Protein chains: 4
Amino acid sequence: MSSQKSTADAAAPIAASAEGAPTAGPKMPTRERGRARVAALLAAAGAVFAEKGYDAATMTEIAARAGAPIGSLYQFFPTKAVLADALLAQYAEALMALLATVEARAATLSPAELAADLLAVLPSLKVERAAAFALIDARPDMVAQQGALRAGLRRGIAAILRAKSPALPPERAAAMAVTLLQMMKGAAALGDEPDLAHGREALAGLEHAASLFLKDALG
Amino acid sequence: MSSQKSTADAAAPIAASAEGAPTAGPKMPTRERGRARVAALLAAAGAVFAEKGYDAATMTEIAARAGAPIGSLYQFFPTKAVLADALLAQYAEALMALLATVEARAATLSPAELAADLLAVLPSLKVERAAAFALIDARPDMVAQQGALRAGLRRGIAAILRAKSPALPPERAAAMAVTLLQMMKGAAALGDEPDLAHGREALAGLEHAASLFLKDALG
Amino acid sequence: MSSQKSTADAAAPIAASAEGAPTAGPKMPTRERGRARVAALLAAAGAVFAEKGYDAATMTEIAARAGAPIGSLYQFFPTKAVLADALLAQYAEALMALLATVEARAATLSPAELAADLLAVLPSLKVERAAAFALIDARPDMVAQQGALRAGLRRGIAAILRAKSPALPPERAAAMAVTLLQMMKGAAALGDEPDLAHGREALAGLEHAASLFLKDALG
Amino acid sequence: MSSQKSTADAAAPIAASAEGAPTAGPKMPTRERGRARVAALLAAAGAVFAEKGYDAATMTEIAARAGAPIGSLYQFFPTKAVLADALLAQYAEALMALLATVEARAATLSPAELAADLLAVLPSLKVERAAAFALIDARPDMVAQQGALRAGLRRGIAAILRAKSPALPPERAAAMAVTLLQMMKGAAALGDEPDLAHGREALAGLEHAASLFLKDALG
DNA sequence: GATGAATGAGTATTCATTCAT
DNA sequence: CATGAATGAATACTCATTCAT
């Protein structure tokens with residue numbers, strides 16, 4: 001959560017402060033500007049990738065949308081692929097952070113509550129997820145990253161399950177994590193269609209199924 | 001070429017066998033030849049899109065892989081986008097046909113059997129699905145097609161539910177269809193990772209959850 | 001000689017005929033146009049490489065100077081390096097053809113005449129040589145081509161020496177060829193400086209030295 | 001770096017030793033440090049130009065190889081072209097110095113010895129010559145420098161001839177210098193191909209021819 | 001109609017040079 | 001003065017689409 005949020009926080013406010021700030025100097029101190037620029041570039045990249053997909057997204061547009069010259073973009077991300085990797089890594093980190101918070105409180109949650117919490121993880125990073133999916137689907141060589149991301153998520157979910165029910169055999173937890181991850185993705189997909197006819201009930205249905213699944217296995 | 005065959009087989013033969021093929025000569029009637037060529041082109045397009053993604057796929061390679069001249073490709077599909085649309089439509093049609101067969105026998109199935117049948121629909125068209133997803137993810141303007149496809153699937157699933165339980169209120173069936181579609185997508189995703197650690201158990205888990213969900217709602 | 005000349009012949013006249021020809025059709029027959037275009041492209045490439053060197057020469061300028069769209073240039077020469085290779089190969093072929101004519105009449109020549117003929121070979125392809133040198137010097141990976149070219153020239157010169165004096169041991173002929181090639185290059189260099197102060201006498205001096213060298217060795 | 005040392009040694013030490021170096025402290029006086037840095041930069045530039053050619057050589061790499069910040073490079077050489085010019089001037093100076101030593105002992109040498117000494121001049125600065133040629137070939141606007149260099153060499157050779165045979169008419173010496181320079185370049189070219197088949201004999205052949213040429217003209 | 005050569009707009013990336021610190 | 005981050009013009013190459021044959 002932290003790094004993801006920081007990106008969003010770092011990107012938007014900066015533009016705002018640049019316009020409304022009291023400082024008359026036309027340019028921010030270099031170091032800080034570098035940090036802000038990276039954040040802005042990542043944010044812009046995320047947006048453009050999400051909108052157009054990896055291939056159709058152009059480095060020029062990403063730079064332009066970040067208000068940065070193309071040379072600056074390449075100073076920080078020497079390749080389109082590197083930029084994509086950075087974005088994906090950032091998303092992965094954010095996801096893992098969210099899972100960590102769920103794990104922290106897992107022991108105190110009922111199966112139904114745990115199910116709800118889990119299904120809420122993916123939908124909470126809507127924009128980032130859109131970008132991440134655009135990257136994953138468009139780049140064959142990125143399948144490795146994708147696998148690492150999935151593996152990390154599964155590990156995180158399994159850890160949550162064991163935090164909730166320490167007696168659960170690790171193998172069983174791993175298998176359940178795979179199932180739950182799919183349901184979490186389903187919840188995310190529903191979240192991406194806000195004006196879906198029966199979205200609310202469908203999400204409730206998924207939560208219900210997950211809850212039953214957890215109750216069944218965790219006792 | 002081999003991998004496309006299933007696509008071609010699924011799409012073309014139906015039409016072909018419907019007309020019959022009396023001519024055995026080396027030069028098929030133009031109509032028939034046109035049909036075969038279209039099928040080959042679509043199959044090639046599906047394979048190339050699935051392998052490289054929409055943007056990286058080139059019209060030249062698609063034509064070459066179908067053994068057709070590029071001009072011929074443009075004769076039938078005046079645009080890359082049109083070709084993608086046709087491919088997606090073909091996939092949608094195939095999916096709907098599968099759902100129709102499930103609907104036909106829905107009344108005779110137990111909830112568990114119905115769950116298993118439903119979750120088996122998406123994984124059965126692996127290659128086509130890969131192509132379809134490549135298209136959907138890479139082309140923002142294709143979201144509309146995607147929405148239509150999903151809507152069609154939901155309608156089909158709802159129809160199955162009502163075939164199984166005629167007393168089910170249409171609204172309820174619609175909402176359940178949304179939930180079930182997500183679980184079906186989960187099953188498909190699992191099918192795409194053949195060497196996944198606990199894939200077998202995870203799929204069973206999904207089927208179990210779906211089965212419970214159906215039993216709960218359909219009695 | 002033949003292929004080199006044919007390039008020059010093919011490139012210039014075509015432009016002329018295109019402008020002054022009786023045909024009103026705006027475009028020549030495709031096949032022939034292809035041939036002419038390749039020749040024009042090679043000629044333009046030679047000129048631009050000679051003028052600016054390999055790196056500074058831009059594919060865009062080469063195409064423009066040949067009156068061809070950039071896409072056409074890439075249709076025939078998929079890479080700048082390939083274009084350079086083709087140019088070098090053409091130059092090599094032309095040189096070898098010239099040497100062959102010298103070889104044919106070698107037996108009838110006096111040492112002084114042979115020296116003069118040899119020293120006249122390189123200066124006769126001034127423009128092509130300029131391009132070839134620009135390529136050789138700028139591209140480390142082209143050193144191989146360069147070596148092949150030199151080896152070919154040495155073989156050709158040695159063959160001439162043996163044609164003149166069949167009794168000459170092959171090893172001796174080979175060594176002499178190396179020496180003579182350097183003197184031929186010197187003559188070419190002199191030819192590149194037309195307004196050089198004592199160029200005429202210097203060339204005579206080189207010929208004299210070569211003549212003595214030949215007389216000494218061939219009797 | 002090692003290969004450049006000879007360059008640095010040839011250029012810098014002369015000036016350095018002329019001033020003396022009394023300060024042993026870790027921070028040399030600015031002047032001296034500047035001199036050392038310039039020498040290092042020139043050496044690095046020579047190496048990089050020789051390796052990659054003028055265009056492919058980047059100012060950044062040159063600075064890095066000299067262990068200097070890019071800003072420092074630009075402090076001394078405000079332009080890549082200026083840097084190239086300086087390098088060429090340094091090479092010219094080194095060549096002229098070598099010729100001067102030959103001139104000093106010219107009167108005491110036999111024609112054969114003089115020929116050998118002259119043909120040894122260019123091969124002795126192999127690395128520097130490589131860099132110089134890379135510059136000359138890649139930059140059309142550098143032809144002027146190249147001409148000046150050649151003119152200087154010819155003057156130096158003519159001076160040697162007159163030192164050897166004071167009675168030689170200046171015009172005749174000038175013409176002979178042109179011829180001899182070409183043979184010297186041939187010797188250098190042979191020196192650049194160390195594993196050439198008959199290189200040794202070929203070099204001997206060149207020396208023989210030059211020796212005959214000198215004997216003929218100088219008596 | 002069928003074919004495939006020709007076209008040129010569009011893209012990622014590099015690097016000389018500047019200038020704020 | 002010294003530094004190295006920032007800039008943006010420039011370049012090789014691709015590919016959807018057209019149209020002469």
Side-chain angles (χ1 to χ4, degrees), chain A residues 25-35 37-38 55-64 68-83, chain B residues 30 33-34 37 54-64 68-83, chain C residues 25-35 37-38 55-64 68-83, chain D residues 30 33-34 37 54-64 68-83:
Chain A
K27 288 184 179 179
M28 245 177 293
T30 309
R31 290 310 171 83
E32 185 153 348
R33 240 189 54 194
R35 231 179 275 285
R37 188 144 267 186
V38 168
D55 290 280
T58 75
M59 293 297 268
T60 302
E61 177 173 1
I62 291 171
I70 184 74
S72 281
L73 174 53
Y74 274 91
Q75 192 110 49
F76 296 109
F77 304 101
T79 283
K80 196 179 181 181
V82 167
L83 177 56
Chain B
T30 309
R33 258 199 27 197
R37 181 143 275 186
Y54 178 75
D55 291 276
T58 73
M59 294 295 270
T60 302
E61 179 176 358
I62 291 171
I70 181 79
S72 198
L73 173 55
Y74 273 90
Q75 206 93 50
F76 295 109
F77 304 102
T79 281
K80 197 180 182 182
V82 167
L83 177 56
Chain C
K27 287 184 182 181
M28 245 177 293
T30 309
R31 289 311 170 84
E32 184 153 350
R33 238 188 56 192
R35 229 179 278 285
R37 187 143 270 186
V38 167
D55 291 280
T58 75
M59 293 297 268
T60 303
E61 178 174 359
I62 290 172
I70 184 73
S72 281
L73 174 53
Y74 275 92
Q75 192 108 49
F76 296 110
F77 304 101
T79 283
K80 196 181 181 179
V82 167
L83 177 56
Chain D
T30 310
R33 260 200 25 200
R37 181 145 274 185
Y54 178 75
D55 291 277
T58 73
M59 294 296 269
T60 302
E61 179 177 358
I62 290 171
I70 180 83
S72 198
L73 174 54
Y74 273 89
Q75 206 93 49
F76 295 109
F77 304 102
T79 282
K80 197 181 182 182
V82 167
L83 176 57

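For clarity, every value in this text was computed on a predicted model and none was experimentally measured.
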- Item | Contact state string [nucleotides 9-15 of chain E, B base, S sugar-phosphate only, - no protein heavy atom under 4.0 Å] | B-SSBBS
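- A donor-acceptor pair under 3.5 Å is absent between the side-chain atoms of A:Lys80 and the main chain of A:Thr58, judged by distance alone.
- For E:dT3, the OP1/OP2 oxygens have a side-chain nitrogen or oxygen of B:Arg37 closer than 4.0 Å.
- Every residue two or more places apart in sequence or in another chain that forms a side-chain hydrogen bond (donor to acceptor under 3.5 Å, both in side chains) with C:Glu61 is listed here: C:Lys52, C:Arg65.
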- Item | Under the 3.5 Å Watson-Crick or G-U criterion, the dot-bracket string of DNA chain E, with | for inter-strand pairs | .||||||||||||||||||||
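- A close approach under 4.0 Å does not occur between any side-chain nitrogen or oxygen of A:Gln75 and OP1 or OP2 of F:dA5.
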- Message: Quick one, B:Val82 with B:Phe76, criterion side chain to side chain contact (heavy atoms under 4.5 Å, CB included). Give me CA distance, side-chain angles, the key distance, then yes/no.
- Response: CA-CA 9 Å; B:Val82 167; B:Phe76 295 109; over 6 Å; no
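- A search for side-chain contact (heavy atoms from CB on, under 4.5 Å) contacts involving C:Ala64 returns nothing, not counting sequence neighbours.
- F:dC13 atom P lies 11 Å from atom CD1 of C:Ile62, rounded to whole Å.
- For C:Phe76 and E:dG4, the CZ to C1' distance is 12 Å, given to the nearest whole Å.
- Between the CD atom of C:Glu61 and the P atom of F:dA10 there is a distance of 14 Å, rounded to whole Å.
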Could you tabulate the donor-acceptor pairs under 3.5 Å formed by side-chain atoms of residues 68-75 of chain D, not counting sequence neighbours?
unit_1, atom_1, unit_2, atom_2, d
D:Ser72, OG, D:Arg37, NH1, 3.4

